[in-house]
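In what follows, a structure is listed as structure tokens, so that the remarks can point back to it.
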Amino acid sequence: MAVILDGKALAASVRAEIREEAAQLPRRPGIAVILVGDNPASQLYVRNKVKDCEECGFFSRRFDLPFDASEEELLGILSKLNADPRIDGVLVQLPLPPSFDERRIIEAIAPEKDVDAFHPLNVGRMVHGVSPIWPCTPAGIGVMLDAYHIPVDGKICVVVGRSNIVGKPMGLLLLSRNGTVIYCHQHTPDLAAMTRQADILVVAAGCRGLITADMVKEGAAVIDVAMNRDPETGKFTGDVCFDEVKDKASYITPVPGGVGPMTRAMLMRNVLSLAKLHMGLTT
Ligand code: GUN
């Protein structure tokens, strides 16, 4: 039976540390969160982010724009936030409605306030290993691996999924820790042959039941990023068949209660990091 990585408890302790550190600063770290449209999942995520800010003692502003808001309206808000000295981090909740050019919006966030590290300048810094922050989900997984003393150096790491938000930066983070990284995606011819090699398997495909026990190496660390809603029960499930894989892996994350809470905690940590940079306390 694998050790279950308790993201909920770890995230709570990370938030407590952040709150303590933030209280020592000359001013409150600040974040602006912008939601366009009424996607229920996004609304829940944004509500939670604002709640986390309160717990950490941060200043936060929330902007809600209607589904049919114009790109110019959003760009106008971003331009004001870029110039607002109370705001250290700006987050536009993705996905945006299809009428928006997501790339144009991400590139309109000042790189020094890009709390997701999605701006191409920050992605370039990440590739070069000089970014002060990482996107929240990979960062949270990195903290979890550290907390449970799961080594990456010299290990085979398989990442299933290649999104800009999770898969791609996840592979870069593992590479920066001297892992040997294999990216898998919909065009990978024999997924099981790849996943069976993994000492560390990170799955972010959004495909319920994708990873079965026969696809996992004995003793692997299995990290499930997905949040799929079971249409019958309405409950959240990951991409990994938890009940069968837990008996084969050494470590496994539950869904919910694994990666999700860590992603949220890392947003707070990224805001704190950017705030310290803006206050001249770090370089
Ligand atoms: N939508 C899903 N995950 C994320 C995230 O980490 N950041 C933003 N901005 N939007 C998201």
Side-chain angles (χ1 to χ4, degrees), residues 7 11 14 31-53 58 60-65 67 69 71 74-75 77-78 81-82 87-98 100-111 113-123 126 131 133-144 159 161-173 202-207 223-229 236 238-239 255-256 258-274:
V14 169
I31 181 176
V33 181
I34 305 163
L35 174 63
V36 185
D38 50 12
N39 177 318
S42 293
Q43 282 177 329
L44 176 67
Y45 292 145
V46 167
R47 236 186 355 262
N48 284 337
K49 283 166 186 173
V50 172
K51 201 171 98 196
D52 290 343
C53 287
F58 292 178
S60 70
R61 291 192 71 189
R62 174 177 171 164
F63 295 82
D64 284 279
L65 299 184
F67 184 83
E71 210 163 271
L74 178 51
L75 290 170
I77 291 172
L78 291 177
L81 292 171
N82 286 343
I87 298 296
D88 297 293
V90 175
L91 182 144
V92 177
Q93 186 66 31
L94 302 177
L96 285 165
F100 284 78
D101 178 348
E102 217 159 80
R103 193 111 307 274
R104 187 173 175 218
I105 298 302
I106 287 170
E107 292 188 20
I109 298 171
K113 295 193 177 187
D114 168 32
V115 73
D116 277 313
F118 291 166
H119 191 290
L121 185 70
N122 291 325
V123 176
M126 222 153 48
S131 174
I133 60 169
W134 286 86
C136 300
T137 300
I141 293 169
V143 170
M144 262 185 155
V159 179
R162 53 172 167 176
S163 70
N164 291 333
I165 294 179
V166 180
K168 283 180 197 164
M170 186 70 237
L172 285 174
L173 187 142
V202 181
V203 191
C207 187
I223 312 292
D224 193 347
V225 179
M227 281 286 253
N228 310 302
R229 197 183 277 276
F236 284 110
D239 288 346
V255 178
V259 174
M262 291 306 294
T263 297
R264 281 171 59 184
M266 289 305 106
L267 177 63
M268 299 299 104
R269 197 177 75 164
N270 282 356
V271 177
L272 180 67
S273 298
L274 294 182

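Both ligands and their constituent atoms are indexed starting at 1 by order of listing. All figures in this text were calculated on a predicted structure; none of them were measured in a lab.
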Please tell me if the side chains of Leu78 and Ile34 come closer than 4.5 Å, counting only heavy atoms from C-beta onward.
yes

Under 4.0 Å from a heavy atom of Val92: which atoms of ligand 1 are those, numbered in the order shown and with their elements?
8 (C), 9 (N)

Mind checking the CZ-OG1 spacing from Arg264 to Thr137? Nearest 0.5 Å is all I need.
12.5 Å

For the residue pair Met266 and Ile133, establish whether any side-chain heavy-atom pair is separated by less than 4.5 Å.
no

Which is closest to atom 3 (N) of ligand 1 in terms of heavy atoms, Ile165, Leu35, Asp116, Val115?
Ile165

Could you tell me whether ligand 1 has any atom less than 4.0 Å away from a heavy atom of Tyr45?
no

Going by the order shown, which atoms of ligand 1 are within less than 4.0 Å of some heavy atom of Leu91?
9 (N)

Are any side-chain N or O atoms of Asn270 and backbone N or O atoms of Pro135, one a donor and one an acceptor, separated by less than 3.5 Å?
no

Ligand 1 atoms nearer than 4.0 angstrom to some heavy atom of Phe118 are 7 (N), 8 (C), 9 (N)

Part of Leu94 with heavy atoms under 4.0 Å of ligand 1, whether side chain, backbone, both or neither
both

Using atom types as modelled and distance alone, determine if a side-chain donor or acceptor of Asp239 lies under 3.5 Å from a backbone N or O of Asp224.
no

Quick one: does Lys49 get an N or O within less than 3.5 Å of an N or O on ligand 1?
no

Where do Leu274 and Lys113 come nearest, in terms of heavy atoms and distance?
CD1-C, 4.0 Å

